[in-house]
Amino acid sequence: MKTYDYIIIGAGSGGLTVAAGLGALGKNHLLVSENIGGECTHYGCVPSKKFLQLSKDPKNSPNPFPQIKAQVKDTLEHDDKILEDYKVNYTLGRANFTSTDTIKITPNDNSKPYHVKFKKAVISTGSSARRFEIENYPNSKILDNETVFSLKQLPKDLTIIGGGPIGVEMATAFSRYGVKVTLATRDHVLSREPREFAHKVIKTLKDNGVEVIEHLGEIKVNKEDITFINNEGEVVTTDPKPEFILQAIGRKPNTNLNLEQANIEVKKSGIQVDSNFRTTNWNIFAIGDVIPLPKFTHLANNQGRFLVKKFLMPLVSYKKTALPAVTFSDPTIASVGEAIANDFTEDILLDLSTSERAIIEGDKISKAILNVNMITGKINKASLIGPSSEHLVNFFTLMINQKISIRKISNFMAPYPTHFSAITSIQGKYLNLFKTNYKKYLTGFLKYNSSRIITAIVWTFMAYVILRTLHTYNYDQARIVEELAKIFRSDMGRLLFIFIYILKSFVPFPAILLTVISGSVYGFIQGVILTVIGSNLSALTGYGLGRFVFASDSDQNNPSEVAGIRKFIAQKPMIATFIARMGGLPFDIISYIAGAMKVPPLSFISGSALGTITGTIAFVSIGTSIQNIEDYENITIDPIYTYIGIAIFIASIISSRFVTKWSEKKHGVSIEK
């Protein structure tokens with residue numbers, strides 16, 4: 001059985017990028033796919049954009065489908081050249097996993113299936129159209145993006161179900177050709193875009209004769225008619241039964257690969273991966289439409305380029321960036337980023353039609369809506385409409401990714417006459433708004449961050465006090481231990497011990513040292529009890545600091561967004577905290593991170609308490625063996641407690657490794673990794 005260092009399954013945008021990168025580097029690899037080019041080339045971006053281009057002047061191509069097929073063929077020839085130029089080793093066939101490091105390949109030419117082994121694998125099998133059956137309507141007449149371009153000629157009428165980018169683009173192209181189109185959607189048309197922008201697209205569709213139905217509840221078909229019913233059960237309209245129905249209702253991941261044989265976790269949303277696209281099988285990665293992330297060709301390509309880099313430099317990590325998207329409607333809409341709503345964020349309207357280039361071209365509709373943090377001047381989201389929006393969105397993508405403030409583009413200079421000249425007006429609009437409403441923005445910012453600001457002030461003050469105290473002892477640990485031991489033996493010593501343990505969370509200070517002192521001063525039983533109380537209150541304080549100072553505004557617990565360790569912590573917070581404590585990771589750092597990630601308090605407390613028991617017993621036992629700890633020159637040691645403490649500590653380390661391996665096997669991720 002032949003072994004490859006890398007197996008890539010799927011030759012779409014992501015898989016082809018990985019294969020080309022590995023081929024150019026001379027790596028031992030094999031690309032396995034049923035076709036070259038994937039969804040985008042055969043059924044998506046290429047044919048749909050060619051269709052839209054041809055529809056702008058339908059008289060020149062009365063039947064667009066032959067030219068669409070020719071464009072797909074030309075693109076496939078380009079992909080073939082990539083395979084040749086980058087020395088990609090590939091085979092056409094279907095791949096299925098038979099074990100954690102083996103796949104079965106069934107060739108397209110019906111030759112005998114065979115098995116190959118791999119050291120690492122990449123799954124990039126893409127997605128396919130979601131479909132549903134319609135009562136009293138033949139399945140052969142239901143189209144999706146994979147079958148619509150197989151038509152021989154234009155239909156007389158067409159109903160499109162789905163008001164997202166695909167549905168709108170197809171409605172645009174078919175209606176330009178004079179096809180009677182009905183566009184029906186359960187929500188708004190282009191629901192993710194600003195309503196005023198979506199309404200301009202709807203107006204154009206209606207001007208082209210498209211019947212637009214929003215808030216669709218269900219459709220009913222009989223012999224002659226199709227009836228559209230809204231989500232309140234009311235009949236919207238009844239039309240003659242269309243020649244075809246095109247369903248554009250979303251995508252489903254292609255996961256039929258016997259993934260269970262490879263110990264890969266998969267859900268309805270796709271293959272589960274960590275932040276570096278690693279699956280629950282540590283040697284197998286997945287990218288593109290097959291994972292629970294937005295489904296864009298350029299995103300899969302970006303992920304593929306990252307994997308090539310990671311295979312060369314294993315320690316690099318993927319950095320999430322703003323994802324631009326374009327709907328090639330009429331007019332075109334583009335967007336990037338995520339809008340945020342609070343008292344110091346403003347939507348700034350930018351009239352791009354005022355640029356000299358727009359005036360020359362007669363463009364009267366181009367606009368942009370920028371969601372801006374008025375305190376920092378950074379853009380959260382940019383939405384654009386107009387014929388140049390697909391190009392201008394790249395400028396705002398750069399600003400968001402590089403966190404460039406509007407205040408920093410005062411010297412930005414664009415060549416004349418271009419559409420970019422209108423962008424220079426952003427700063428003026430921003431400054432005028434800030435000047436007029438700065439009190440509102442500052443008040444809103446302070447109110448929004450009040451808990452963080454107060455916590456940070458308290459933290460800074462406490463850290464200053466502690467550091468000043470340590471400075472008076474010249475950071476001499478022996479002297480510090482002596483002084484602490486004397487304090488803990490006083491009448492209020494037990495309360496002071498707990499209080500100092502809590503203060504430790506403000507300035508990371510060795511918890512082990514305090515634990516050992518407790519055993520020496522209070523003995524084994526009292527030392528354990530006091531340390532358990534003090535360490536848990538300290539952990540809770542550190543958790544609060546992390547939650548109020550470092551917590552992100554984003555939803556850290558969204559399973560489709562978080563991955564790897566973050567996903568594991570979000571889904572199994574108590575187990576994750578327990579493993580982190582058992583593994584001996586820095587005590588206060590764990591607390592800060594748990595707070596920042598908004599781990600549920602009860603899960604954190606229980607996991608933290610359980611995870612620190614063995615360490616507490618071990619170091620209190622060692623402390624119990626030390627007599628006269630406050631008198632450095634007269635210290636004596638009882639070896640029995642020392643041996644017991646060391647034995648418990650070793651057992652704790654062994655146990656932590658066992659639990660860590662168990663978590664990696666069961667959940668596909670290790671806290672240590």
Side-chain angles (χ1 to χ4, degrees), residues 3-9 14-15 17-29 86 100-101 118-124 262-265 271-288 290-293 299-323 401-403 508 546 550 552 554 556 561-572 576 579-590 592-594 596-597 653 656-657 659-673:
T3 299
Y4 293 92
D5 291 337
Y6 303 94
I7 290 284
I8 305 99
I9 304 174
T17 298
V18 175
L22 294 175
L25 294 168
K27 300 294 183 180
N28 178 26
H29 73 284
Y86 289 91
T100 56
D101 62 353
F118 60 84
K119 295 179 181 178
K120 294 187 185 299
V122 177
I123 302 171
S124 184
N263 292 337
I264 295 174
E265 182 183 356
I271 295 174
Q272 303 300 292
V273 295
D274 69 8
S275 55
N276 290 320
F277 309 109
R278 194 174 246 124
T279 69
T280 45
N281 181 324
W282 199 251
N283 293 315
I284 300 177
F285 298 77
I287 57 174
V290 77
I291 63 176
L293 286 175
L299 179 58
N301 174 270
N302 176 269
Q303 295 164 352
R305 285 186 280 117
F306 164 75
L307 280 190
V308 174
K309 181 167 66 172
K310 185 163 185 65
F311 292 150
L312 285 176
M313 299 177 287
L315 296 180
V316 301
S317 295
Y318 184 75
K319 294 182 179 179
K320 184 179 177 182
T321 57
L323 176 63
N401 282 334
Q402 298 302 316
K403 296 180 172 55
F550 298 120
S552 170
S554 61
Q556 302 281 11
E561 294 289 337
V562 297
I565 291 174
R566 181 185 287 181
K567 185 187 80 173
F568 180 50
I569 292 173
Q571 294 180 347
K572 308 285 183 181
I579 292 172
R581 290 293 192 218
M582 283 283 290
L585 297 177
F587 189 91
D588 296 303
I589 301 300
I590 295 171
Y592 301 154
I593 292 174
M597 292 189 61
I653 294 297
S656 73
R657 294 295 173 266
V659 173
T660 300
K661 292 297 181 184
W662 170 81
S663 75
E664 184 176 344
K665 182 178 180 181
K666 184 173 180 62
H667 302 288
V669 65
S670 165
I671 289 296
E672 293 179 334
K673 293 176 181 176

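Owing to the predicted nature of the structure, the values given are computational and were not obtained by experimental measurement.
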Review item, side-chain donor-acceptor pairs of residues 307-319, under 3.5 Å, at least two apart:
from   : atom 1 : to     : atom 2 : distance (Å)
Lys310 : NZ     : Pro314 : O      : 2.6
Lys310 : NZ     : Val316 : O      : 2.9
Tyr318 : OH     : Asn302 : OD1    : 2.5

Inset, instruction - Rounded to the nearest 0.5 Å, what's the gap from CD1 on Ile284 to CD1 on Ile9? Could you check? - result: 7.5 Å

Inset, instruction - Grab the two heavy atoms, one from Asn263 and one from Thr100, that are nearest each other, plus how far apart they are. - result: ND2-CG2, 3.5 Å

Inset, instruction - Please examine the side chains of Leu293 and Val273, heavy atoms only from C-beta on, and report whether any two atoms are closer than 4.5 Å. - result: no

Inset, instruction - Could you tell me the separation between the CD1 atom of Ile593 and the CG atom of Asp588, rounded to the nearest 0.5 Å? - result: 11.0 Å

Inset, instruction - Locate the shortest heavy-atom distance separating Pro292 from Gln272; write the atom from each residue and the value. - result: CG-NE2, 3.6 Å

Legend entry - Test item: Lys120 and Tyr6 side chains (from C-beta on) under 4.5 Å apart, heavy atoms: yes

Inset, instruction - Any chance you could measure Phe118, atom CZ, to Thr3, atom OG1, to the nearest 0.5 Å? - result: 10.5 Å

Legend entry - Under 3.5 Å: donor-acceptor pair, side chain of Thr279, backbone of Ile264: no

Legend entry - Check: Phe277 and Val122 side chains under 4.5 Å, non-hydrogen atoms: no

Legend entry - Ala19: side-chain contact (heavy atoms from CB on, under 4.5 Å) partners, not counting sequence neighbours: Ile8, Leu31, Val88

Legend entry - side-chain hydrogen bond (donor to acceptor under 3.5 Å, both in side chains) partners of Asn283, counting only residues at least two apart: none

Legend entry - Polar contact flag, side-chain donor to acceptor under 3.5 angstrom, Asn301-Thr17: yes

Inset, instruction - Give the minimum heavy-atom separation between Ile287 and Ala300, together with the two atoms involved. - result: CD1-O, 4.3 Å

Inset, instruction - List in chain and number order the residues that pass side-chain contact (heavy atoms from CB on, under 4.5 Å) with Thr321, two or more places apart in sequence or in another chain; answer none if no residue qualifies. - result: Asn401

